[in-house]
Amino acid sequence: MKPTNTYILGIESSCDDTAAAVIHNGVILSNVVATQDIHKEYGGVVPELASRAHQQNIVPVVQLALHKANIDKKQLNAIAFTRGPGLMGSLLIGTSFSKSLAMGLDIPLIAVNHMQAHILAHFIKTEEQTAPSFPFLALTISGGHTQIVKVSNYFEMEVIGQTIDDAVGEAFDKSAKILGLPYPGGPLIDKYAQLGNPKAFRFPKPKVSPLDFSFSGLKTAVLYFVERNTAKNPDFISENLEDICASLQFTIVDYLMDKLKNAVKETGIKEIAIGGGVSANSGIRKALKNTEKTLGWTTHIPKFEFCTDNAAMISIVGELKFKEQLFAENDIAAMARMKF
Ligand code: KG4
Ligand code: ZN
């Protein structure tokens, strides 16, 4: 990829993280994320509160990103922002802010698809991560999405499998809630799972078409499992938390790996990249790495800060689109639902 010698500001506000980043020739100069703790009190993201917090956070977050990158806003060559998919009220803050800033600075505006950005985060230049070669399969797993995407080129992507109900992160978080763990419970399930026996309990793997996912049944299964066992022993959860978490994580990871194997079989592509918050999970990381030896796959796991929602991934897409002069008009609107 030829350097563009541009400074591009990326802005992300699709859910509950307000984020801004500056990229220069594929290298991230700053990557600022303001996480909204307010949602913890409610056990999930409250859209109305998220947009209000974005409104408060966006100016200081952008200012900090510019400060950390050690550049002045006048040096920016373009503004890239998340157009969708996401919560409309949240997207509107980032979209309106980006449009105004681009207009004020008289520089181009670049619209970014959040899901594409999770995938293209692999092309950020760092010592820790290697860029996948085309074509590759991307498994995007987070609190809002679960997809397998065939990536033929930077902007040539096809969703070949996806969840028909909940996202995998929701399955982690909702199960954690049933176990009495605070939101978001995914990282806690992972923590306890590492101390437990993954074969202690069995949970069902929902049956849907080979490349699709379903997680709503798993959440119900966990609920019935907990109700059944706590009726017999009120201390069942505390006495078995590590084994429950290990068994649950084992089931989810195995299910994700089954689907990836189906996708590899169907496409013949063995170059695999993962993204999204759930790719921080130790079980999926281990299972994926193992396939390098056992199945001859080449795997790519991004740096943790580029896995969860962030603006660095928006800025790399900005740079790639800048090269192609793929700019947005100033009347562009945010989209809650958005295809590639
Ligand atoms: O990508 P992300 O930051 O935001 C969304 O777009 O959703 O992903 C957040 C999700 C949450 O559901 C969180 O519980 C989950 O990622 N997560 C994990 C782990 N770390 C984050 N799930 C399982 N194991 C983890 N270590
Ligand atoms: Zn995301």
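Bear in mind the structure is a predicted one, so any value in this text is a computation, not a measurement. Read the numbers this way: they start at 1 and go in the same order the structure lists the ligands and their atoms.
Taking distance alone, with nitrogen or oxygen atoms compared against 3.5 Å, Asn281 approaches ligand 1 more closely than that limit. For ligand 1, the polar-atom distance check finds an N/O of Gly277 within less than 3.5 Å of one of the ligand's N/O atoms. For His114, no nitrogen or oxygen atom sits less than 3.5 Å from a nitrogen or oxygen atom of ligand 1, counting backbone and side chain alike. Residue Asp309 places at least one N or O, backbone or side chain, under 3.5 Å from an N or O of ligand 1. Residue-to-ligand polar distances keep Gly276 apart from ligand 1: every N/O pair is separated by 3.5 Å or more.
With ligand atoms numbered from 1 in the order given, ligand 1 contributes 7 (O) to contacts under 4.0 Å with heavy atoms of Gly144. For ligand 1, the atoms closer than 4.0 angstrom to any heavy atom of Gly169 are 12 (O). Taking every non-hydrogen atom of Ala280 and a distance limit under 4.0 Å, the qualifying atoms of ligand 1 come out as 20 (N), 26 (N). Residue-ligand proximity, Thr308 to ligand 1, at heavy-atom distances under 4.0 Å covers atoms 1 (O), 3 (O).
Using a 30° and 60° split on the angle between ring planes, His114 and His145 fall in the tilted class, from 30° to 60°. Relative ring orientation between Phe134 and Phe123 is described as parallel, the plane-to-plane angle staying below 30° on a 0-90° scale split at 30° and 60°.
For Glu12 and Asn310, the side-chain atoms include no donor-acceptor pair closer than 3.5 Å. Judged purely by distance below 3.5 Å, without hydrogens or angles, the side chains of Asp165 and Ser216 pair a donor atom with an acceptor atom. If you check the side chains of Thr299 and Lys289, you find a donor sitting under 3.5 Å from an acceptor.
Within 6.0 Å of atom NZ in Lys68, 12 or fewer heavy atoms from other residues, nucleotides or ligands are found, so the atom counts as exposed in its surroundings.
Here the NZ-CZ distance, from Lys321 to Phe327, works out to 11.0 Å after rounding to the nearest 0.5 Å.
Between the Asp17 side chain and the Ala19 main chain, no donor and acceptor come within less than 3.5 Å of each other. Remark: side-chain polar atoms of Asp212 are paired, donor with acceptor, to backbone N or O of Gln162 under 3.5 angstrom. Side-chain atoms of Gln129 never come within 3.5 Å of backbone atoms of Thr126 as a donor-acceptor pair (strictly under, hydrogens ignored).
The protein atom (non-hydrogen) at minimum distance from atom 22 (N) of ligand 1 is Gly186 CA, 3.5 Å. Protein heavy atom at the shortest distance from atom 15 (C) of ligand 1 is Val278 CG2, 3.8 Å. Protein heavy atom in closest approach to atom 26 (N) of ligand 1: Asp190 OD2, 2.9 Å. Counting only heavy atoms of the protein, atom 19 (C) of ligand 1 lies nearest to Pro187 N, 3.8 Å. Atom 13 (C) of ligand 1 has its closest protein heavy atom at Asp173 OD1, 3.8 Å. Considering only non-hydrogen protein atoms, atom 10 (C) of ligand 1 sits nearest to Gly143 N, 3.5 Å.
Using a 4.0 Å cutoff on heavy atoms, His145 counts as a contact of ligand 1.
Residue contact annotation: His114 places an N/O/S atom under 2.8 Å from the Zn ion (ligand 2).
Summary: OD1 is the N/O/S atom of Asp309 found nearest to the Zn ion (ligand 2).
Two different hydrophobic clusters hold Leu92 and Val112 under the rule that ILVMFWY side chains link at heavy-atom gaps under 4.5 Å.
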